[in-house]
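This report refers to the structure that appears directly beneath it.
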Amino acid sequence: GRGRGGGRGDGGVSRGDAGEDMLNLFKHVLSKQLLPAIVFSFSRRECEEHPKALTSLNFTTDEEKASIREVYDCAIQSLLPEDRELAAVTKILPVLERGIGIHHSGLLPIVKEIVEILFGEGLLKVLFATETFAMGLNMPARCVVFTAFKKFDGVEERVIAPGEYTQMSGRAGRRGKDPFGTCIMMVDRKMGREDVESMVLGAPQALDSEFRLTYYQILNLLKRASGTMDTEYVIGKSFHHFQHTERVPAWRRELEDTRREREALVRATSSAEGEFETLRSEVRALQDLTLEEILKPHRCLPLLKPGRVIRVREGAQDWGYGVAVATSRISSDGADAFLPPSALDKTEAFIVDTILHFAPGAQDGIVRPASRDKTTGALEPGAQAHVMPVNLRLVSNITTCVLDLPVNLDDRNELDRVGDAAHELFLRFDNAGNTMPSIDPVEDMRIDDRAFLETFEKLAEKKRAMEAHPLFLNRGANPDVRGAPNASASSAATRRADRIAALVDAERELSTKIDATELSKFRHELSRRAQVLQKLDHLDADLVLKLKGRAACWVDTADELLVTELMFNGAFQKMDHHQLVALCSCFVPVEKSKENEDIHEKAVRDALAEPLARLKAAARLVGEAQSACGVPVDVDEYCDSFKVTLCEITYAWSKGGNFDDVHKKTDLFEGTVTRAMRRLDELMMELRGAAKAVGDVELADKFERGAESMRHGIVFANSLYL
């Protein structure tokens, strides 16, 4: 139906007995005193049709009706006089006065805010909403109603996922008011036991990353990358890894075998061993919490002076001790890189150039830490010290030791001397069974945050308990619970505990290797997309940005390749700012519309005939360039993705049209139109910046005038929350 993405249709969803069912349901809800209630529907059209079934019911008193009118009148005072009489604004009042609200993304923002305020104040007794109302807004009710147990997710109709059900049903029951919440499911088809179990008791959906490379990301990363920090490093936020994708199946089998062995050992573990493992896990978790506070840039960067000895760990991969050389901020422009760190900065935003020991083959791209002899601590033959940019979040310890650094670290002998000094510290402390002294967060860093001090004290308490445990005393382990256990312990219990710890570390290391190979797909995609950028003249042969690439760096709201192609082929220069607004609306995605597949008004069609033809030609050029370079794209589908749905209404709005008159030209919801126009305004300002970046002041001024022509009326009305 149209509710799955389309605008308003001609019919309602209350066909047959649906309206009568809704009426009977709310007669029951009233008799059981279950108001206020939220009715969740899975289409916006249903949210507007269901209230029509309740026309015979009145949920408010005269006093409440007066309060609703007062809130409504005060809210619309923020609008211009002509906007207060818009149909999209006035038609909601009669519904609200009966104590019924409607909330979905197709409403005007101010109407949604009025509904939220009234429901929050308890003046609305029944609210028909889509599932987005359950996300983020803390507005519980006594009763929650589902109009269906299946939903269309854009691909297929499926049973509500456990997480979705929990989020929506969790709105039933108000803290401090209701002893329990009531959840009602309206079932209009057979509902099997499996469906119920899946919805109520099923495992939560996996949180899958949707990260994908875009040309905007690549261009901006190439723009800011310099020295040893390149695009791949920033994308991965990790060390460079030489990928062996053919080894992944073997790693997966090894991971499964390791997991089975660990689980078998855990089952055979005594209560004392389990107690010790619990203590060790708690210590690790508390160490992570304290480290998170210690590594806040404004706290730790003043201590990371050249020569400071630090420990670096990436997941299960321990790089051991290294020597800090310099720190820098990851920044989009050079000026920001020199700003001092603040409390608002994220740890991931900083890089520490560090001298670390690498295994042989680092010059050939095989980047892994040098291994050490477990008995003597000696480095493997051929290991060398190199300077490596390390993300600040990978620092696992800041020690009190500081080494003198030579002036010229490009000298191999001088670099080796620093590496040898760091290795000597390792032999003196860790390999001898001691721990290198760390910076004290309270005494040295002066951290006085109350929550941190409580965590730090709890860590000390748990460490004392762990170190007093018989298994710890028997095993003679290094107090650093992240270190490898001492294999010399003799008791069976100690050996079993050590083996479990070793298997846990092995699992982490294997998982890290498997996850790291995912970077290989980004390498291939990066290579193909870089070829596209070179083919379209955004980059030169050395991957240095050219003029067109610098313009594309500004465009994040639309297809950056196509809009810059139009900018450089002269298509934009020949249009006035109203035509620019209409043409650029093709880059703003909206739901399908039956009424706006073509431009009906002759004046608009004539004004945009040539620009639209040039857009289609440029789209085919960009699509074919991507296809030729191996980027998976259907050229015809790509060209057809730029629709004229908004052209007619944005052209009229840019010329100062009234919202009601403009909205009559489309079947899209008012909220959809408002959102699209605001996004179009954002795009116009990005294009203004792009034009300025290439020195075209006249075109930049035209884009700015286009944006200004959009900023009027209800579309840009201020929020009631501001």
Side-chain angles (χ1 to χ4, degrees), residues 227-229 233 238-242 295 300-328 350-392 394-439 444 477-480 482-484 486-487 505 509:
T228 54
M229 185 177 68
Y233 177 82
S238 175
F239 299 116
H240 294 291
H241 288 285
F242 182 78
L295 289 183
C300 71
L301 290 188
L303 295 171
L304 293 178
K305 302 298 184 186
R308 175 75 66 182
V309 178
I310 61 176
R311 190 159 194 157
V312 177
R313 178 186 291 273
E314 185 184 28
Q317 199 168 50
D318 187 4
W319 284 76
Y321 290 109
V323 183
V325 176
T327 59
S328 60
F350 289 85
I351 293 293
V352 184
D353 290 335
T354 309
I355 300 172
L356 294 167
H357 281 106
F358 287 69
Q363 294 90 337
D364 300 323
I366 304 175
V367 181
R368 62 178 178 84
S371 60
R372 298 177 186 272
D373 186 278
K374 292 183 178 179
T375 304
T376 65
L379 289 164
E380 67 177 297
Q384 274 193 323
H386 294 280
V387 179
M388 182 67 161
V390 175
N391 196 287
L392 181 58
L394 302 181
V395 175
S396 65
N397 188 20
I398 303 174
T399 76
T400 58
C401 302
V402 180
L403 300 178
D404 290 329
L405 292 184
V407 176
N408 183 17
L409 284 174
D410 292 331
D411 186 324
R412 167 47 58 187
N413 293 329
E414 294 291 346
L415 192 58
D416 286 342
R417 185 180 66 79
V418 178
D420 291 342
H423 177 56
E424 182 64 28
L425 285 172
F426 169 82
L427 295 176
R428 187 186 307 172
F429 289 97
D430 279 41
N431 205 55
N434 300 313
T435 303
M436 195 176 298
S438 303
I439 290 290
D444 300 321
N478 188 309
D480 179 9
R482 297 185 178 278
N486 190 328
D505 288 338
E509 186 170 355

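- Rounding to the nearest 0.5 angstrom, the gap separating the CD1 atom in Ile398 from the CG atom in Leu301 is 8.5 Å.
- Minimum heavy-atom separation, Gly419 to Ala385: CA-CB, 4.1 Å.
- Side chain of Thr354 to main chain of Leu356: no donor-acceptor pair is present (N/O by atom type, distance under 3.5 Å, no hydrogens or angles).
- Looking only at distances, a side-chain donor or acceptor of Glu380 sits under 3.5 Å from a matching main-chain atom of Ser371.
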* To do: Evaluate the side-chain contact (heavy atoms from CB on, under 4.5 Å) criterion for residues Leu409 and Ile355: first the C-alpha distance (whole Å), next the side-chain angles of each, then the deciding distance (0.1 Å), finally the verdict.
  => CA-CA 10 Å; Leu409 284 174; Ile355 300 172; 4.1 Å; yes
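- Taking every heavy atom of both residues into account, Leu403 and Ala421 meet most closely at CD1-CB, 3.8 Å.
- Here Ile439 contributes atom CD1 and Thr400 contributes atom OG1; the two are 6.0 Å apart, rounded to the nearest 0.5 Å.
- Using a 4.5 Å cut-off on side-chain heavy atoms (C-beta onward), Val309 and Tyr321 make contact.
- To the nearest 0.5 Å, atom CG of residue Leu295 and atom OG of residue Ser396 are 8.5 Å apart.
- Counting all heavy atoms, side chain and backbone alike, Leu425 lies closest to Cys401 at CD1-CB, 4.2 Å.
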* To do: Show your working on side-chain contact (heavy atoms from CB on, under 4.5 Å) between His357 and Arg372 and close with a plain yes or no.
  => CA-CA 10 Å; His357 281 106; Arg372 298 177 186 272; 4.2 Å; yes
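- When all heavy atoms of Ala383 and Ala370 are compared, the pair lying nearest together is CB-CB, 3.6 Å.
- Residues Leu392 and Cys300 are in side-chain contact: their nearest non-hydrogen atoms beyond the backbone lie under 4.5 Å apart.
- Residues Ile351 and Thr327 are not in side-chain contact: their nearest non-hydrogen atoms beyond the backbone lie 4.5 Å or more apart.
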* Tell me, with the steps shown, if His423 and Leu427 meet side-chain contact (heavy atoms from CB on, under 4.5 Å). => CA-CA 6 Å; His423 177 56; Leu427 295 176; 3.6 Å; yes
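- Two residues are said to be in side-chain contact when any heavy atoms from C-beta on lie closer than 4.5 Å; Pro406 and Val418 meet this criterion.
- Residues His386 and Phe358 have side chains in contact (heavy-atom distance under 4.5 Å, counting atoms from C-beta outward).
- Annotation: side chain of Asn397 is not in contact with side chain of Ile310 (no heavy-atom distance under 4.5 Å).
- When all heavy atoms are compared, the tightest approach of Val402 to Pro306 is CG1-O, 4.2 Å.
- A donor-acceptor contact shorter than 3.5 Å links the side chain of Arg308 to the backbone of Thr399.
- More than 12 heavy atoms of other shown residues, nucleotides or ligands fall within 6.0 angstrom of atom CG in Asn408.
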